[in-house]
Amino acid sequence: MKLVTWNINSIRARTQRLVGWLDANRPDVVCLQETKVEDAQFPLEAVEKLGYRAVIFGQKSYNGVAILSTAELADVTRGFGDDPADDEARVIAATTHGIRVVNVYVPNGQDLTSDRYPYKLAWYGRLRAFLERTTSPEKPVVVCGDMNVTADDHDVWSPEAWRDQIHCSAPEREALAGLRAWGLDDVFRVKRPEGGVWSWWDYRGVSFFKDQGLRIDHILTTRVLTAACAACVIDRSARKGQDASDHAPVVATFGL
DNA sequence: ATGGCCGCTATGAGCGGA
């Protein structure tokens with residue numbers, strides 16, 4: 001069972017790129033973020049032609065998440081269902097291939113002085129509360145997506161340049177650690193503890209060419225899935241060339 | 001120190017992204 005998370009940065013601008021990658025890699029479950037499109041305009045036909053079913057939660061211009069699967073997608077939830085309700089489409093969950101899949105696009109936060117920063121930190125707390133009331137760490141659960149936080153300096157090309165910047169501040173890292181403490185493993189880190197591998201590179205300048213990136217896209221798994229994980233890699237090749245997303249897909253393979 | 005690129009919008013400049 002192969003699962004991928006990928007911040008696609010507009011699914012309409014990236015449809016051909018996505019289709020080509022799916023055709024070549026044939027994952028069973030695909031978690032997309034930043035689709036940037038209302039549900040009526042989502043390119044369903046293009047993914048259905050490849051054999052995927054899809055559940056989507058989008059909005060105009062910003063955010064938007066979707067889960068594609070080669071199998072049935074059951075018990076679909078959109079948003080946290082908490083109070084007050086969020087007007088940003090950032091989380092969708094479904095059960096497929098025997099796994100509860102929670103796909104998230106965590107708020108960016110802008111910078112440490114922005115009012116988006118406390119919103120981001122609070123969002124992590126709401127995500128953990130959502131997990132607590134909807135599932136269990138004893139079950140096979142994947143929480144994945146663009147988490148907009150580096151776990152530690154091993155996920156940062158230049159810890160000096162990024163020190164206390166957004167994605168690298170201690171409160172953000174504590175928020176991510178607090179989520180993991182519910183009962184989730186950072187499965188890429190388990191496989192590649194030495195770090196130095198990125199999932200995002202800035203469009204500006206020569207950051208990709210010089211491999212100056214961050215690892216902010218994560219696949220977190222409960223114990224039973226961590227034990228079943230055969231491999232977890234970041235497909236850097238998908239960041240190359242014209243019309244690439246600024247994020248690369250993260251792929252986990254499970255012996256299920 | 002700043003911005004550099006990209007996608008979006010009842011566009012043509014400004015915002016958000018990270």
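All values below were derived from every heavy atom in this structure, side-chain atoms included, with hydrogens, water molecules and symmetry-related copies excluded. In what follows, every chain begins at residue 1, and chains take the letters A, B, ... in the order their sequences are listed.
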B/dT11 and B/dT2, which share atom name C1', separated by this distance in whole Å: 26 Å

Rounded C1' spacing from B/dA1 to B/dG14 in Å: 22 Å

B/dG17 versus B/dG3 - spacing of their C1' atoms, nearest Å: 15 Å

A/T150 and A/R173 side chains, donor-acceptor separation under 3.5 Å: yes

d(CD1, A/I8; C1', B/dC6) in whole Å: 14 Å

Pairing residues for A/R90 by the salt bridge (charged side-chain N to carboxylate O under 4.0 Å, His left out) criterion, not counting sequence neighbours: A/E88

Pairwise P distance, B/dC5 and B/dA10 [rounded to whole Å]: 25 Å

Shortest non-hydrogen separation from A/V104 to A/Q33 and the atoms involved: O-CG, 3.4 Å

A/D111 bridged to A/R116 by N-O distance under 4.0 Å: no

Span that lies between the C1' atom of B/dG12 and that of B/dG7, in whole angstrom: 15 Å

Separation between CG of A/L179 and CG of A/L127, rounded to the nearest 0.5 Å: 5.0 Å

Check against ring pair (Phe, Tyr, Trp, His ring centres under 6.0 Å), A/W201 and A/W157: CA-CA 10 Å; A/W201 299 259; A/W157 71 272; over 10 Å; no

Whole-Å distance separating the CD atom of A/Q165 from the P atom of B/dT2: 11 Å

Separation of B/dC5 P from A/R239 CZ (nearest whole Å): 13 Å

Contact pattern, 5' to 3', of nucleotides 9-18 of chain B - B, S or - by protein heavy atom under 4.0 Å: SS-----SBB

Separation of atom CZ in A/R17 from atom C1' in B/dC6, rounded to whole Å: 14 Å

